[in-house]
Amino acid sequence: MAAVRPTPADPTPDLAAAAGPGDQRAVPPELGPESLAVLSGPTFMYSDPAGDVPPGSIGGLVHLDTRMVSGWVLTIDGCPFPVLRSETIDHYSAQFMLTNPELRGLPPDSLTARRLRYVGEGFHERIELTSFCMEPVRFEVRLAVAADFADLFEVKSGVRDRSADIVRRHGVDGAALFFHYDGDGFTATTEVRSSLPPDRIEGDDLVWQVELDPREGWQVDLEVPLPPGLGVVEPVRGDIAEVLHRRADDPLRRWVETRAMLDSDNPVLERITRRSRHDLAALRLDLEVKGQRVMLPGAGLPWFLTVFGRDTLITAYQTLVAGPGLAHGALLALARLQGTRCDDFTDEEPGRILHEVRSGELTRTGAKPYTPYYGTADATQLWLILLSEYWRWTRDDETVRLLRDSALAALRWIDEYGDRDGDGYVEYATRSPEGLGNQCWRDSPDGVCFADGRIPVLPIATCEIQGYTYDARLRLAELAEGPLADPVLAARLRADAAQLYERFNRDFWLDRRGGYYAVGLDGDKTPIDSKTSNMGHLLWSGIVPPERAEAVVRQLMHEDMFSGWGIRTLSREERTYNALGYHLGTVWPHDNSIAVLGLVRYGYRAEANRIALALLEVAEQFGYRLPEALSGYTRDRTMFAVPYPTACSPQAWAAGAPLALVRAMLDVNPVDGRLELDPDVPPELGRISAERVRAFGRRWDVEAVGRTGYVRLAPD
């Protein structure tokens with residue numbers, strides 16, 4: 001019998017997968033389309049519009065990948081509070097305006113109920129009730145609490161029952177609930193404190209008997225303390241009302257004020273970029289690297305509030321135009337966690353930049369490999385690309401020299417481990433029973449496939465990874481000629497890049513269907529012939545010969561690829577196309593922003609602006625925030641953008657996309673200690689100006705209208 005060959009759908013057929021739940025929930029969230037989340041670093045509270053977390057839902061208070069609160073339901077006389085309106089105030093705070101249903105002795109809408117909450121130094125919630133009845137009223141208020149201590153991976157799929165290992169007890173004064181979980185090598189504790197002791201505790205329900213005279217109010221504050229850990233940011237602190245009314249000291253505002261500020265004749269663009277700034281602030285993670293506090297972006301809410309490789313690096317690249325802080329933090333943090341040994345379970349290899357870090361029970365007890373997990377074939381090159389781009393914007397020779405060993409280790413990984421068979425291409429194939437089958441950005445099991453739908457055999461060399469490798473070699477050569485002072489290395493890197501350029505354009509180019517690049521080569525070196533958005537990444541990296549650029553642009557902008565809202569991940573001509581397929585026809589804003597930068601690089605400004613304007617219209621439809629992904633439905637047919645059902649929001653590289661689009665329209669680049677501008681601003685946007693753009697340790701003001709503009713040093 002022939003051996004079963006590994007594919008991304010079954011990457012380790014000779015290994016038994018570790019026991020545990022799957023990694024992807026197949027249905028949309030049960031909390032409804034109006035669900036709300038408050039978040040701060042690696043902590044979030046996800047609820048329905050009433051502020052409730054029904055047990056069994058994907059909602060709850062999650063901290064460091066563990067669900068500390070899995071049920072949080074407020075009722076009056078056993079009935080839910082109808083919702084008047086609920087909104088987030090800042091990313092870490094929200095307000096829920098509620099009223100009462102019709103109850104015995106209590107007409108409907110005779111009470112105002114308000115829930116105020118924020119995540120800062122713990123989780124805080126205030127419940128306020130005011131009576132507008134003409135007579136005294138009496139009713140019961142109940143808060144039903146549950147804690148299941150589920151790992152975030154389980155919340156996405158199926159939660160193991162830990163109830164037999166959870167100890168519950170009440171505070172001596174009746175003003176607190178305690179839940180303590182002690183598993184096999186993993187412990188966690190949730191404490192719920194109440195400022196007003198309940199009249200009784202029934203099971204895990206706090207119950208108050210409330211009596212109100214006309215116009216009288218009632219209030220209780222609730223707190224869930226949270227432990228410190230990886231990525232926890234400096235929190236906002238203070239009384240709940242002071243926090244929500246923005247009268248408390250807010251580290252977020254201080255951080256945002258250090259970023260470049262954008263102004264435009266188009267108010268929509270202003271709102272979108274403002275939302276991006278605040279979303280990126282919300283997703284910040286705080287780490288200490290060699291005694292230095294650094295900030296870097298986590299990937300997205302709710303599943304990816306942690307350190308990532310690819311997502312963090314691309315987001316940092318997109319946002320360099322607003323300031324170098326996130327890029328600096330990402331470079332240092334990921335270098336600290338760079339691979340040093342070979343480990344089959346985690347796919348670690350010397351010099352490799354990680355894919356993802358987790359800290360929940362499944363990881364800490366060894367069921368999952370995220371300690372970190374290194375199964376990505378592109379983060380190492382992207383780290384080198386970001387190091388170069390950071391240096392171009394800052395001329396920070398000291399940091400580049402500090403990271404010299406990490407850069408050389410990354411290069412060795414590309415040459416010795418990334419190129420698995422010595423053919424000059426970086427390929428991927430996991431060795432872990434829990435590893436990812438696809439280790440490119442299209443990392444779903446069917447994210448890379450042939451035009452006829454066949455799943456390729458591993459190892460796979462995708463096209464954009466070769467483009468990243470080409471770009472990384474040239475950029476590292478530039479650093480070798482500059483702050484690293486190694487001209488021999490620079491010459492070797494340029495020669496290796498030239499060889500890759502020639503080899504790639506021979507092996508990946510397909511002349512049929514108008515000419516295009518295959519998405520990859522499979523384990524037999526057969527071109528994987530799907531037409532994908534990855535071609536836009538090739539333009540960004542510069543590996544496309546000028547004479548082929550027009551054909552690539554024509555493919556990307558053809559109606560089978562361009563939906564009217566953006567470039568689809570997969571052409572409609574391919575058999576597996578699905579407008580709601582994760583990588584099979586959806587439109588990803590970050591993917592499109594990379595393509596836009598590539599189009600500008602090759603001089604296709606009209607096409608770049610067409611995509612940019614479409615994405616800005618999408619953001620306007622989604623509360624000025626770009627989602628992680630949207631469906632690939634044709635714009636002329638649906639007339640409005642349709643979201644991908646389980647898209648993360650906010651999501652870091654989607655939040656970074658508008659900043660990348662603005663950079664592309666301005667075509668602002670650091671060159672020899674100054675900023676150069678070559679704008680092509682669409683008439684729909686009018687004037688664009690950016691104040692306090694940081695480059696070379698100084699601040700610059702940039703302004704453009706149409707094809708004219710200026711750059712000047714900002715006044716001190």
Check: Arg412 side chain, Tyr417 main-chain N or O, donor-acceptor pair, under 3.5 Å | no
Under 4.0 Å between a Lys/Arg side-chain N and an Asp/Glu carboxylate O for Glu348 and Arg352?
-> no
Taking 4.0 angstrom as the limit, do Arg663 and Glu389 come out as a salt bridge?
-> yes
Have Trp540 and Asp471 got a donor and an acceptor in their side chains that come within less than 3.5 Å?
-> no
Pairing of Glu691 and Arg699 as salt bridge, 4.0 angstrom limit | no
Assign the ring pair His355 / Tyr373 to parallel, tilted or perpendicular, where the plane angle (0 to 90°) is split at 30° and 60°.
-> perpendicular
Are any of the side-chain heavy atoms of Thr376 and Asp347 separated by less than 4.5 Å?
-> no
Is there a side-chain contact between Arg694 and Trp393, using heavy atoms and a 4.5 Å cut-off?
-> no
All heavy atoms of Ala335 vs all of Ser406, minimum pair found to be CB-OG, 3.6 Å
Side chain Gln466, main chain Thr462, donor-acceptor under 3.5 Å = yes
Work out which heavy atom in Val552 is nearest to a heavy atom in Val544; give both atom names and the distance.
-> CG2-CG1, 4.2 Å
Would you find a donor on one side and an acceptor on the other, under 3.5 Å apart, between the side chain of Thr306 and the backbone of Val357?
-> yes
CG-OH distance between Leu39 and Tyr92, expressed to the nearest 0.5 angstrom | 11.5 Å
Could you state the interatomic distance from CG (Leu387) to CZ (Arg404), rounded to the nearest 0.5 Å?
-> 12.0 Å
How about Arg605 and Asp667: do any of their side-chain heavy atoms sit closer than 4.5 Å?
-> yes
Short question: side chain of Ser276, backbone of Ala655 - any donor-acceptor pair under 3.5 Å?
-> yes
Identify the heavy atoms of Arg475 and Ser388 that sit nearest to each other, and give their distance.
-> NH1-OG, 3.0 Å
Side chain of Thr312, backbone of Pro297: donor and acceptor closer than 3.5 Å?
-> yes
Phe304 and Gln651, any side-chain heavy atoms less than 4.5 Å apart = no
Does any non-hydrogen side-chain atom of Arg277 lie less than 4.5 Å from one of Thr319?
-> no
Residues Val426 and Ala377: closest non-hydrogen pair is CG1-O, 3.9 Å
So do Val268 and Leu616 actually touch side chain to side chain, heavy atoms under 4.5 Å?
-> no
Tell me yes or no: between the side chains of Trp413 and Glu349, is some donor less than 3.5 Å from an acceptor?
-> yes
Is it the case that Glu270 and Ser264 place a side-chain donor and acceptor less than 3.5 Å from each other?
-> no
Hey, does Gln318 have a side-chain heavy atom less than 4.5 Å from the side chain of Leu659?
-> no
Please answer whether the main-chain N or O of Asn505 pairs with a side-chain N or O of Arg548 as donor and acceptor at a distance below 3.5 Å.
-> yes
Euclidean distance, His278 NE2 relative to Arg625 CZ, rounded to 0.5 Å | 11.5 Å
Does Asn266 use its side chain to pair, donor to acceptor, with the backbone of Glu684 at less than 3.5 Å?
-> yes
Over 60° means perpendicular and under 30° means parallel, so classify the ring planes of Trp653 and Trp441, tilted if in between.
-> perpendicular
Using side-chain contact (heavy atoms from CB on, under 4.5 Å) as the criterion, list what pairs up with Ser689, not counting sequence neighbours.
-> Asp263, Arg687, Glu703
Atom CD1 in Ile272, atom CG in Asp279: separation rounded to 0.5 Å?
-> 12.0 Å
Closest non-hydrogen contact found for Leu226 with Phe123 is CD1-N, 4.2 Å
Side-chain ion pair, Arg442 and Asp591, N-O less than 4.0 Å = no
Nearest heavy-atom pair of Asp701 and Ala714: which atoms, and what distance?
-> OD1-CB, 3.6 Å
Can you tell me if Ser533 uses its side chain to pair, donor with acceptor, with the backbone of Ile567 under 3.5 Å?
-> no
Would you say Asp443's side chain and Gln439's backbone share a donor-acceptor pair under 3.5 angstrom?
-> no
Expected output: side-chain Thr43 to main-chain His63 donor-acceptor under 3.5 Å | no
Is Arg494 close to Glu481 at the side-chain level, that is, under 4.5 Å between some pair of heavy atoms?
-> yes
Between Asp486 and Arg492, does at least one N-O distance fall below 4.0 Å, as a salt bridge requires?
-> no
Which distance, rounded to the nearest 0.5 Å, do you find between the CG of Asn669 and the CG of Leu675?
-> 8.5 Å
Positive for side chain to side chain contact (heavy atoms under 4.5 Å, CB included) with Leu666, one of Val600, Ile688, Val693, Val711 = Ile688
Any luck finding a side-chain donor-acceptor pair between Thr363 and Arg358 under 3.5 Å?
-> no
Under the side chain to side chain contact (heavy atoms under 4.5 Å, CB included) rule, what do Leu402 and Leu332 come out as? Steps first, then yes or no, please.
-> CA-CA 9 Å; Leu402 174 70; Leu332 292 179; 4.0 Å; yes
Any chance the side chains of Asp397 and Trp391 put a donor and an acceptor closer than 3.5 Å?
-> yes
Value for CG (Asn534) from CG (Leu539), rounded to nearest 0.5 Å, stands at 11.5 Å
